[in-house]
> 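Below is the structure I would like to discuss, written out as structure tokens.
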Number of protein chains: 2
Amino acid sequence: MTIGAMESSRTVDSGGGRRQATRQKLYEAAVTLIAEQGFSATTVDEIAERAGVAKGTVYYNFASKSVLFEELLRHGVGLLTASLREAAEGTARDGGSKVDALDAMIRAGLVFIDRYPAFTQLYVAELWRTNRAWQSTLMVVRQEAVAVVENVLRDGIANGELSDEIDTPLTASALVGMVLVAALDWQAFQPERSLDDVHSALSRLLQGRVGGDGLGHK
Amino acid sequence: MTIGAMESSRTVDSGGGRRQATRQKLYEAAVTLIAEQGFSATTVDEIAERAGVAKGTVYYNFASKSVLFEELLRHGVGLLTASLREAAEGTARDGGSKVDALDAMIRAGLVFIDRYPAFTQLYVAELWRTNRAWQSTLMVVRQEAVAVVENVLRDGIANGELSDEIDTPLTASALVGMVLVAALDWQAFQPERSLDDVHSALSRLLQGRVGGDGLGHK
DNA sequence: GTTTTTGAACTGACTGGTCAGTGCAAAAGC
DNA sequence: GCTTTTGCACTGACCAGTCAGTTCAAAAAC
């Protein structure tokens, strides 16, 4: 049971109703199982059982196994995107630089992955697959999240803080990948380390302080 | 059909025998199918059909579906590891710096992903899963590949070229993630761009030339 | 003549999805 | 206040279909 609550209690159509609570339980059950085994290898019976619910309930709440998964994806990436946006805006309010904003977003990414590792695993495992039912959904939510990073990069270029030679989409992808893989490896192989620890290592890389004296070499 | 040949014709136990050729065909068929659909969703019948081979042949050559997949994994990561090592050694022979070695390995990674995109997809999709039959195999081959990067980082720290404050395993993971995600996004969303183009964007990031004047800001 | 492949038939376990029926809390009727 | 009705949420046995893996006699390749 590696996943956190993922409540957020005030979702789109909140309503503390029984229905909503059941859906939440199903999300939580599905996310861990699918992260471990993959979508196809996870049966609806398993999901229902772990959620403490009858199989029929799954189909009462979701049109199909795929739809359940798709809505889970939307839900999760939505949380991430909101978190990234908040981080970026936080530094903007404080008059911070764009590099500070990137740094804050790295931290937000790490916090998210730390909180919802199972969701992250499942997201990574599905993102680059092709020919799947939920491809288009995934594409849309991915773009929403990456766009937050891209916007910060663009702003930084616009105000001269970042080189205008950087490739916005590619650099954004690379930054996301950096955080994603470092965080997953952290969770998988060095879970005892602190978030601050990981953050500072990535921060150093972001700011090009890899060379021995803090300046880039060639 | 997004995958390249993956022949390498001179693999571990080469033997141009008929048997080896059949296994090769099965690898190629399996890699694309599993990359697209995932392991569980891919049937043995499909693999056999795409390989142009009878189902019985699959079981004549491999003990089971899982074993076929596991050997495929070993085979593919072996190619990557060899390629990374070669890149690192190439710059060492030319008396290049360790940053040059890292740069060469980034390029080698891109070349690999460009050549075997399907394998890369499948690898990423499986790497952080838990509770799977081939977990341990995957762990071993992953470590072999990452170790090549870690060694270059360590060498760079030892000779003072890189800061001794960098976190070797985390930085290695982050670099791998950077290349992995940037390359997969390149393939998926901007396949028309050239490898050199992608490489230079990542190179810039590696060398910390993101800030407007080529120096890190704070 | 030995190795490898073929291809079709078969099995037994498992899976997504269905559906008739249950439980129950609030509304309606008295 | 008490009884009856309504309909939402849930249940779990069931079904039709699918799949990994087996078997094997015969053909093909070497």
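Below, read A as the first sequence line, B as the second, and so on, with proteins coming before strands; counting in each chain starts at 1. Please read all numbers here as calculations on a predicted model, not as lab measurements.
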> Extract from the structure each pairing of a protein N or O with an N or O of nucleotides 16-22 of chain D at less than 3.5 Å, listing the distance.
| from | atom 1 | to | atom 2 | distance (Å) |
| --- | --- | --- | --- | --- |
| dA20(D) | OP1 | Thr42(B) | O | 3.2 |
| dA20(D) | OP1 | Lys65(B) | NZ | 3.0 |
| dA20(D) | OP2 | Val44(B) | N | 3.1 |
| dG21(D) | OP2 | Tyr59(B) | OH | 3.0 |
| dG21(D) | OP2 | Lys65(B) | N | 3.1 |
| dG21(D) | N7 | Lys55(B) | NZ | 2.9 |
| dG21(D) | O6 | Lys55(B) | NZ | 2.9 |

> Check this one for me: any side-chain N or O of Thr57(A) less than 4.0 Å away from OP1 or OP2 of dT11(D)?
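For dT11(D), OP1 or OP2 has a side-chain N or O of Thr57(A) closer than 4.0 Å.
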
> Examine distances only and state if a side-chain atom of Arg129(A) and a backbone atom of Ala35(B) form a donor-acceptor pair shorter than 3.5 Å.
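Between the backbone of Ala35(B) and the side chain of Arg129(A) there is a qualifying donor-acceptor contact (under 3.5 Å).
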
> Tell me whether Lys65(B) forms a cation-pi arrangement with Phe39(B), defined as NZ or CZ under 6.0 Å from the six-membered ring centre and within 45 degrees of its axis.
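Lys65(B) over Phe39(B) ring: yes.
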
> Rounding to an integer number of Å, can you tell me how far Tyr60(A) OH sits from dG23(C) P?
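Taking OH of Tyr60(A) and P of dG23(C), I get 17 Å after rounding.
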
> Who are the side chain to side chain contact (heavy atoms under 4.5 Å, CB included) partners of Arg85(B), not counting sequence neighbours?
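Side chain to side chain contact (heavy atoms under 4.5 Å, CB included) check on Arg85(B) returns Thr81(B), Glu89(B), Val148(B).
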
> Checking Lys55(B) now: which residues fulfil salt bridge (Lys or Arg N to Asp or Glu O under 4.0 Å) with it, not counting sequence neighbours?
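Partners of Lys55(B) by the salt bridge (Lys or Arg N to Asp or Glu O under 4.0 Å) criterion, ordered by chain and then number, come out as Asp45(B).
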
> Taking OP1 and OP2 of dA9(D), is either one under 4.0 Å from a side-chain nitrogen or oxygen of Asn61(A)?
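For dA9(D), OP1/OP2 do not have a side-chain N/O of Asn61(A) under 4.0 Å.
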
> Once you round it to whole Å, what is the distance between C1' of dG17(C) and CZ of Phe69(A)?
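The distance from CZ of Phe69(A) to C1' of dG17(C) comes to 19 Å, rounded to the nearest Å.
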
> Write down the distance between CZ (Phe62(A)) and P (dG16(C)), rounded to a whole number of angstrom.
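Result: 15 Å.
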
> Are Arg23(B) and Leu26(B) packed together at the side-chain level, in the sense that at least one heavy-atom pair is separated by less than 4.5 angstrom?
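They are not in contact (no side-chain heavy atoms under 4.5 Å apart), so the answer is no.
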
> Starting at CG of Leu26(A) and ending at P of dA9(D), how long is that distance when rounded to a whole Å?
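Rounded to whole Å, this separation is 14 Å.
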
> State plainly whether the residues Arg107(B) and Asp114(B) are in salt-bridge range, i.e. N to O under 4.0 Å.
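Salt bridge: no.
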
